[in-house]
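Reminder, nothing fancy here: chain letters follow the sequence lines and each chain counts from 1.
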Protein chains: 6
Amino acid sequence: MPNITVELLSGRTMDQRRDFVAAVTDAAVDILKARRESVRIVFWEIEKSDVANAGTLESDK
Amino acid sequence: MPNITVELLSGRTMDQRRDFVAAVTDAAVDILKARRESVRIVFWEIEKSDVANAGTLESDK
Amino acid sequence: MPNITVELLSGRTMDQRRDFVAAVTDAAVDILKARRESVRIVFWEIEKSDVANAGTLESDK
Amino acid sequence: MPNITVELLSGRTMDQRRDFVAAVTDAAVDILKARRESVRIVFWEIEKSDVANAGTLESDK
Amino acid sequence: MPNITVELLSGRTMDQRRDFVAAVTDAAVDILKARRESVRIVFWEIEKSDVANAGTLESDK
Amino acid sequence: MPNITVELLSGRTMDQRRDFVAAVTDAAVDILKARRESVRIVFWEIEKSDVANAGTLESDK
């Protein structure tokens with residue numbers, strides 16, 4: 001714990017993922033006082049056709 | 001807000017998605033008094049082999 | 001199915017919930033061709049201190 | 001109800017899924033006193049590149 | 001992994017929770033070949049006024 | 001987007017939350033190239049009696 005879920009549009013590189021999980025894990029350890037080995041992060045990629053804001057699919061914008 | 005997640009079986013058309021997000025967004029604005037630009041809807045498609053009811057996978061029914 | 005999750009700020013009345021689930025269920029039946037008895041909706045209420053946008057907690061705005 | 005979500009790494013066979021949903025549904029009925037027809041289980045498969053523990057993606061280990 | 005979420009109506013005893021997590025963890029180890037120390041289970045309790053089926057809140061039934 | 005969910009044990013202060021959302025939002029902007037105003041973070045607090053690891057509730061450890 002914490003168990004962190006990151007819902008994001010597809011298209012990030014593996015290096016972006018690597019750097020992001022490192023930064024978020026550091027923040028959880030430093031700020032939330034989590035144990036490093038307990039920090040879990042999961043990415044859920046979604047497509048623009050899977051998400052709507054203000055009543056319109058992102059793929060239609 | 002609201003942030004709405006719709007878990008559904010695959011197979012809907014884009015037009016069904018379009019009409020559904022429009023209707024749900026209208027309901028959020030009219031009934032919940034949400035600001036239209038704050039209504040977010042995400043679809044998560046699942047397959048019949050990913051879901052079980054009453055102890056049996058839907059793909060086995 | 002669909003299984004719909006509605007994450008929203010606390011403070012809506014029971015009548016707002018009633019009307020909203022009725023409207024969303026109708027939309028699922030009419031547009032997504034779901035069976036009415038299969039439409040499930042769950043509300044998750046959150047407080048302003050539980051959500052941040054653009055790096056600031058809503059309770060600090 | 002209960003509505004159970006199982007986030008797991010890809011690679012299980014259909015028979016493993018079948019046996020697992022049967023066992024979990026039995027436990028929900030026997031222990032939680034759920035009605036069998038109300039027990040719903042959904043699998044969300046993730047890849048090793050989608051999950052990090054202790055600041056490192058599982059695919060990098 | 002697996003990371004299992006159990007959404008259920010409030011009202012179960014601690015002993016029911018204890019027995020349920022033991023049974024589900026055993027099933028994950030025996031059937032899914034998970035490592036016991038990697039099986040994580042989280043309960044999310046909901047109230048009848050938080051869930052609707054077929055367009056009606058459970059608290060109105 | 002990204003839409004980030006942080007499931008954590010209760011007991012963090014508001015200042016810890018403030019600093020954590022600031023740090024995670026910065027990481028999303030700098031590393032994932034997200035627009036700052038699109039970064040959303042939600043906290044879900046859980047109690048030790050709501051989570052089990054390795055088959056035992058955390059409140060029993």
> Taking it one step at a time, do D:Arg18 and B:Thr56 satisfy side chain to side chain contact (heavy atoms under 4.5 Å, CB included)?
Replying inline: CA-CA 7 Å; D:Arg18 278 180 194 107; B:Thr56 305; over 6 Å; no
> Hey, what do you get for CG (B:Asp50) to OG1 (D:Thr5), rounding to the nearest 0.5 Å?
Replying inline: 11.5 Å
> Do B:Glu7 and D:Arg40 sit within salt-bridge range, that is, some charged N less than 4.0 Å from a carboxylate O?
Replying inline: yes
> What are the two closest heavy atoms between B:Ser49 and D:Arg17, and how far apart are they?
Replying inline: O-NH1, 2.7 Å
>> What verdict does the side chain to side chain contact (heavy atoms under 4.5 Å, CB included) test give for B:Ile46 and D:Val42, after you've listed the backbone C-alpha separation in whole Å, the side-chain angles of each residue and the deciding distance to 0.1 Å?
In response: CA-CA 9 Å; B:Ile46 58 183; D:Val42 174; 4.2 Å; yes
>> Keeping D:Arg36 on the side-chain end and B:Gly55 on the backbone end, is there a donor-acceptor pair under 3.5 Å?
In response: no
> Stepwise, does the side chain to side chain contact (heavy atoms under 4.5 Å, CB included) test hold for D:Phe43 with B:Leu57?
Replying inline: CA-CA 10 Å; D:Phe43 291 101; B:Leu57 293 173; 4.1 Å; yes
> Taking D:Thr25, D:Ile41, D:Val6 one by one, which has the highest count of heavy-atom pairs under 4.5 Å against chain B?
Replying inline: D:Ile41
